[in-house]
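No hydrogens, no waters, no symmetry mates; every other heavy atom, side chains included, goes into these values.
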Amino acid sequence: MMHGKSDSDITSLAASSPPRSPKRAGGYYVQSPSRDSAHDGGGAGGYKSSSMQATPVYNSPNESPSHPSYGRHSRASSVSRFSGILRGGSGRKGGGGGGGDLKAVNAKGWPECSVIEEEGSYEGLSGGDSGLSGRCKVALGFVSFLLLFTVICLIVWGAARPYEPDVVVKSIAMDNFYAGEGTDHSGVPTKMVTLNCSLNMIVYNPASMFGIHVSSGPVRLLYSEIAIGVGQVRKYYQPSRSHRLVSAVIHGEKVPLYGAGGGLSLSGNDGATVPLTVDFELVSRGYVIGKLVRVTHRAHVTCRITVDAKRARTRIPKKACAVYKA
């Protein structure tokens, strides 16, 4: 039920409402009875309070609260629009104690509302992805690559390991070999031996995948456990599946024999035979995958021979030599 406006209501509304800009001339007011007036309509004194609310009319969508304008005019008009409502509400509360509750208005002229704070993070809503980080993935990939490469290298090394080079001592050629009396560096008289000879051998590389680098330790020529001559095989490279004739030059000069030289005699028309021992170690290295995969073999060779001092060359039978591979 609509009630007529009293002079006091019109005067209060006019005093509390700020002047409006010409752009808001299209606004209108809706008067509705408040809850207090509806309940107090039949009360004593017949006092009735009415609620006035301004409903603005917007000329364009940009002027609506959904599209706020940040200009000076729009902000001033927005503040003036809501200030009338707040003042009217406060006047009703002070005058009649009735009227609906109004929400607080922020600086932009919008009603404030409480914010609902949610506990927890949103990480669990992204599909439950608990994967590793980028650094962990890179480290894991690098370790996997190293393991795979190591396994491949071990397989290649195991396949190349059985290819051991073969060493066959063929002959020894004496260029100079004689013995005579003399004194050592301390002046002790003893029998002295001087010799020059060359030891010939054949080295075979059975490997089909790689070549080998061949070298040797000291090549010693022994008489009664005394080294009367020492030489060495010069380092060289030998390709796969190949044979090579290798020579080691052995030299000894004025080597004292002391007590062992009592039975050595190189004189006589028929010549003299001297029991000697050839002892050396041959080392071969094969680089299968560069220097990452290297195969090393060692062959220790010992030959017990008898040399005729009057003959230039002495053949060494194969059964006279023992080869120990490692």
**Prompt:** Is there a side chain to side chain contact (heavy atoms under 4.5 Å, CB included) between I172 and L221 once you walk through the steps?
**Reply:** CA-CA 11 Å; I172 184 170; L221 188 62; 4.2 Å; yes

How close do [X] and [Y] get, counting heavy atoms only, and between which atoms?
{"X": "S215", "Y": "L282", "result": "O-CD1, 3.5 Å"}
{"X": "S240", "Y": "A207", "result": "CB-O, 2.9 Å"}
{"X": "T277", "Y": "T302", "result": "CG2-CG2, 4.0 Å"}
{"X": "A160", "Y": "F210", "result": "CB-CE2, 3.5 Å"}

**Request:** Look at the side chain of R161 and the backbone N and O of V156, then say whether any donor-acceptor pair between them is shorter than 3.5 Å.
**Result:**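 Looks like no, no N/O pair under 3.5 Å.
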
**Asked** Do N205 side-chain atoms and S242 backbone N/O form a donor-acceptor pair below 3.5 Å?
**Response**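 No, because the side chain of N205 does not come within donor-acceptor range (under 3.5 Å) of the backbone of S242.
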
**Request:** For atom OH of Y237, decide whether the heavy atoms of other residues, nucleotides or ligands shown that lie under 6.0 angstrom number more than 12.
**Result:**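 Buried by this count: over 12 neighbours within 6.0 Å.
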
**Prompt:** More than 12 non-hydrogen atoms from neighbouring residues, nucleotides or ligands closer than 6.0 Å to CZ on F149, yes or no?
**Reply:**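 No, CZ of F149 has 12 or fewer neighbouring heavy atoms, counting only those of other groups under 6.0 Å.
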
Close side-chain approach of [X] to [Y], heavy-atom, < 4.5 Å:
{"X": "I250", "Y": "V219", "value": "yes"}
{"X": "R285", "Y": "R298", "value": "yes"}
{"X": "D175", "Y": "C197", "value": "no"}
{"X": "V323", "Y": "D166", "value": "no"}
{"X": "L195", "Y": "N176", "value": "no"}

**Trace of the side chain to side chain contact (heavy atoms under 4.5 Å, CB included) decision for V295 with Y163** = CA-CA 9 Å; V295 181; Y163 294 97; over 6 Å; no

**Item:** Chi angles and distances behind the side chain to side chain contact (heavy atoms under 4.5 Å, CB included) call for H300, D279
**Value:** CA-CA 8 Å; H300 190 87; D279 183 82; 3.0 Å; yes

**Request:** Let me see the working for D184 and S186 under side chain to side chain donor-acceptor pair (under 3.5 Å), right down to the final yes or no.
**Result:** CA-CA 5 Å; D184 61 1; S186 60; 3.0 Å; yes

**Request:** Please work out whether the ring planes of Y287 and H213 are parallel, tilted or perpendicular, with thresholds of 30° and 60°.
**Result:**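 Because their plane-to-plane angle is over 60°, the rings of Y287 and H213 count as perpendicular.
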
**Message:** Out of the candidates Q238, M201, K170, only one should pair with V246 under the side-chain contact (heavy atoms from CB on, under 4.5 Å) rule; please name it.
**Reply:**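 The passing option is M201.
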
